[in-house]
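Below is one structure, written out as structure tokens, with a few remarks after it.
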Amino acid sequence: MEKFHTFTGLVAPLDRANVDTDAIIPKQFLKSIKRSGFGQNLFDEWRYLDHGEPGMDPAQRQPNPEFVLNQPRYLGAQILLARANFGCGSSREHAPWSLQDYGFRVIIAPSFADIFFNNCFKIGLLPIILDAAVLDRLFEAVKSTEGYSLTVDLQKQTVTTPNNEEFNFDSDTFRKHCLLNGLDEIGLTLQQTEIIKQFEQKRRDTQPWLFM
Amino acid sequence: MMQTLYDKLWNQHVVHTEAAESVSMALIYIDRHLVHEVTSPQAFESLKLAGRKPWRLDSILAVADHNVPTTDRSHGIHDPISRLQVDTLDQNCDELGITEFKMQDLRQGIVHVIGPEQGATLPGMTVVCGDSHTSTHGAFGCLAFGIGTSEVEHVLATQCLLMKKAKAMRISVEGKLGLGVTAKDIALAIIGEIGTAGGTGYAIEFTGSAIRALSMEGRMTLCNMAIEAGARAGMVAVDDTTINYIQGRPFAPKGELWDRAVAYWRTLQSDADAVFDRTVALDAAQIKPQVTWGTSPEMVTTIDGTVPDPSLVTDEVKRHDMQQALNYMGLVANTPIRQITLDKIFIGSCTNSRIEDLRAAAQIVKGKRIASTIKLALVVPGSGLVKKQAEQEGLDRIFLTAGFEWREPGCSMCLAMNDDRLTAGERCASTSNRNFEGRQGPGGRTHLVSPAMAAAAAIAGHFVDVREISE
């Protein structure tokens with residue numbers, strides 16, 4: 001996993017609540033056995049007027065001019081502002097993969113669905129929770145200011161506006177440590193191999209029916 | 001210290017609490033890993049690239065369910081992309097020596113149906129799968145939750161997961177359900193009450209006399225939809241119903257081990273004075289048959305209700321979302337639910353495709369014909385064994401005579417990854433779990449209901465109150 005550095009990025013607003021993983025990446029694209037290439041189908045049903053299927057050339061498709069990410073001012077956005085319960089629905093990691101592949105590095109929302117939130121950390125995409133009232137202000141600012149950007153500092157756990165207004169966010173120390181250092185969680189867990197083996201042996205002795 | 005069922009299950013599985021650099025995460029041991037074709041290929045690939053092997057093969061059970069055709073399978077899968085995904089699972093399982101029920105196996109079916117059916121889901125276990133509806137298995141008094149592909153790889157490689165403990169919520173449903181009211185209606189009524197984010201950050205335990213009166217299949221339907229309330233895990237304490245269901249199943253313990261297991265399983269309940277972070281109570285007698293009207297499971301009302309009116313909602317974001325949902329659903333505010341006409345009917349999915357679901361639907365359909373306006377009515381059993389059982393009981397004949405199609409097992413039109421889907425604008429009464437935009441096909445409109453309600457809608461061509469038929 002790539003290390004997460006402090007960065008300043010263009011912000012795009014997705015102003016609706018309960019954005020589900022089916023909307024983030026529709027099911028027909030989950031048939032891929034690869035981990036990359038999902039960005040071109042991020043929000044496919046909202047983003048294009050024609051129906052998308054795997055293998056289609058995005059250049060030949062009809063973008064929906066109404067959809068926020070198709071507006072020229074948001075091209076190259078790296079930070080997505082979202083509303084409550086972002087990422088609800090399925091456990092598909094294809095949802096964070098497609099957001100990351102599109103170019104997003106941070107999603108800011110008042111709340112996230114649990115599995116989606118968890119999945120983001122595994123791939124180095126940072127979900128940030130800020131108060132709904134703060135989000136209201138940021139939505140307003142980004143809509144009224146073309147080229148609006150925010151600075152995200154994970155070490156300090158701050159989001160900073162162009163006017164140097166700072167918002168703090170919570171971050172679990174372990175997840176933060178992994179993101180900042182680009183650590184492989186499996187590698188970390190395997191350092192505990194002996195402890196896992198001991199635990200497993202004890203379990204095998206006391207509940208042998210679990211090992212059949 | 002008094003413990004909740006969730007505390008007990010959690011504590012039983014903590015391998016280590018000082019994971020790496022912090023004490024905020026615990027390393028949790030995983031007893032059962034269920035695998036399907038959609039969320040596993042990238043995990044197997046990374047595992048191989050890192051030169052790692054699965055930690056414990058006998059913990060894994062694999063099956064292809066999302067992409068499989070529900071029509072004649074003798075010629076395989078015609079969609080090359082779907083076929084490659086299923087072939088990839090077969091190859092990975094063959095290569096590594098993982099137990100898999102392949103497409104032609106009678107035991108093949110939806111992963112959340114076959115786990116319990118085989119006795120591969122047992123009380124006291126941690127059960128994971130790269131699928132959010134893994135919460136289903138919590139019906140057995142186990143800790144079961146969906147994971148992403150990175151976590152699938154993590155479990156394959158280490159038999160563990162790094163996790164933060166959730167808060168505990170108790171949802172108690174006391175009293176007796178009315179005739180024709182089912183576990184599905186309880187689930188939807190709960191989601192209507194607490195919202196789709198109401199359970200976020202929680203593990204939910206369902207308690208109360210109405211829950212204890214449910215069969216294991218009803219409990220599975222309920223726990224299945226815990227994720228639709230935002231909770232990664234739902235669970236029900238172990239009782240005689242649980243133990244009777246498990247006894248004699250292929251993967252369940254036998255003989256002396258069975259007795260030892262049962263003695264332990266009986267401890268899997270919340271202590272009388274255990275403290276929950278949140279408690280919600282529902283009166284079973286007040287729950288009516290539920291029908292969703294929008295594009296989120298919380299957009300739900302009762303069969304005697306009407307499509308709500310956004311203009312009466314003061315919260316701006318909420319009003320906007322409601323209007324958007326009504327536009328997508330092609331519905332007008334204040335329309336009585338009974339006047340909504342359907343194009344297609346889907347009876348199936350990990351929520352409602354078990355034998356009792358099919359019996360409930362067949363009972364409504366028996367001796368009748370689907371309305372002439374219904375373009376397609378599908379029954380998709382949850383597994384090959386459910387299908388066989390239903391055929392032995394003659395349910396297939398009842399459905400076929402009524403004009404339903406009787407299909408092979410799989411996820412089918414719950415998420416439309418195979419050929420079973422809605423086309424734009426089509427309206428479906430569905431026993432599945434999600435009514436999101438495009439879920440059953442791009443532009444398709446989904447109304448979530450119980451199997452009996454779906455069956456009754458198929459006959460009438462529009463929603464009807466199943467209680468009036470059941471009487």
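Here is how names work: the chains are called A, B, and so on, in the same order as the sequence lines, proteins then strands, and each is numbered from 1.
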Does any part of the side chain of [Y], heavy atoms only, come nearer than 4.5 Å to the side chain of [X], both counted from C-beta?
X: A:Arg203; Y: B:Asp31; answer: yes
X: A:Trp209; Y: B:Tyr264; answer: yes
X: A:Glu185; Y: B:Leu162; answer: yes
X: B:Lys164; Y: A:Asp172; answer: yes
X: B:Ile81; Y: A:Gln28; answer: no

Counting only heavy atoms closer than 4.5 Å, note whether [X] contacts chain A via side chain, backbone, both or neither.
X: B:Asp58; value: both
X: B:Ser46; value: side chain
X: B:His66; value: neither
X: B:Arg83; value: neither
X: B:Asn433; value: neither
X: B:Ala252; value: backbone
X: B:Phe44; value: neither
X: B:Thr200; value: both
X: B:Gln324; value: side chain
X: B:Val14; value: backbone
X: B:Glu153; value: both

What I want to check is whether the side chains of A:Gln207 and B:Arg260 have a donor and an acceptor closer together than 3.5 Å. no

Which residues from [range] are near chain B, with near meaning under 4.5 Å between non-hydrogen atoms?
range: residues 121-137 of chain A; result: A:Lys122, A:Ile123
range: residues 82-102 of chain A; result: A:Asn85, A:Cys88, A:Gly89, A:Ser90, A:Ser91, A:Arg92, A:Glu93, A:His94, A:Trp97
range: residues 39-46 of chain A; result: A:Glu45, A:Trp46

With respect to chain B, which residue among [options] yields the maximal number of heavy-atom pairs within a distance under 4.5 Å?
options: A:Thr206, A:Leu210, A:Ile115; value: A:Ile115
options: A:Gly52, A:Ala17, A:Ala113; value: A:Ala17
options: A:Ile195, A:Ile196, A:Asn18, A:Asn119; value: A:Ile196
options: A:Asp184, A:Leu190, A:Thr21; value: A:Leu190

Which residues, numbered in order, of residues 49-56 of chain B come under 4.5 angstrom of chain A by heavy-atom distance? B:Arg52, B:Trp55, B:Arg56

Using heavy-atom distances under 4.5 Å, tell me whether [X] contacts chain B through its side chain, its backbone, both, or neither.
X: A:Phe117; result: neither
X: A:Lys34; result: backbone
X: A:Ala23; result: neither
X: A:Thr193; result: both

Would you compute the distance between atom [atom1] of [X] and atom [atom2] of [Y] and round it to the nearest 0.5 angstrom?
X: A:Asp20; Y: B:Ser296; atom1: CG; atom2: OG; answer: 8.5 Å
X: A:Asp22; Y: B:Gln440; atom1: CG; atom2: CD; answer: 10.5 Å
X: A:Ile33; Y: B:Leu89; atom1: CD1; atom2: CG; answer: 11.5 Å

How are the rings of B:Tyr29 and A:Phe199 set relative to one another: parallel (under 30°), tilted (30 to 60°) or perpendicular (over 60°)? tilted

Could you go step by step and tell me if A:Lys31 and B:Leu84 meet the side-chain contact (heavy atoms from CB on, under 4.5 Å) rule? CA-CA 8 Å; A:Lys31 295 179 187 181; B:Leu84 176 63; over 6 Å; no

Electrostatic pair A:Lys27:B:Glu437 at N-O distance under 4.0 angstrom: no

Does A:Asp114 come within less than 4.0 Å of B:Arg232, counting only side-chain N to carboxylate O? no

Top contributor to chain A contacts, counting heavy-atom pairs under 4.5 Å, from [options]:
options: B:Ser82, B:Gly230, B:Ser40; result: B:Ser82
options: B:Asp321, B:Thr88, B:Thr39; result: B:Asp321
options: B:Gln12, B:His133, B:Glu37; result: B:Gln12

Determine whether more than 12 heavy atoms belonging to other residues, nucleotides or ligands lie under 6.0 Å from atom [atom1] of [X].
X: A:Lys143; atom1: NZ; value: yes
X: A:Glu140; atom1: CD; value: no
X: A:His51; atom1: NE2; value: yes
X: A:Lys3; atom1: NZ; value: no
X: A:Asp170; atom1: CG; value: no

Determine, step by step, whether B:Met25 and A:Arg175 satisfy the side-chain contact (heavy atoms from CB on, under 4.5 Å) criterion, reporting the C-alpha distance in whole Å, the side-chain angles of both residues, the deciding distance to 0.1 Å, and the verdict. CA-CA 9 Å; B:Met25 292 273 178; A:Arg175 283 169 167 159; 3.4 Å; yes

Heavy atoms only: give me the nearest [X]-[Y] pair and the separation to one decimal.
X: B:Ser150; Y: A:Arg35; result: OG-NH1, 3.8 Å
X: A:Ile186; Y: B:His154; result: CG1-CD2, 3.6 Å
X: A:Leu30; Y: B:Gln85; result: O-NE2, 2.8 Å

Given side-chain contact (heavy atoms from CB on, under 4.5 Å), test A:Met212 with B:Leu257 step by step and report yes or no. CA-CA 11 Å; A:Met212 298 193 301; B:Leu257 273 187; 4.1 Å; yes

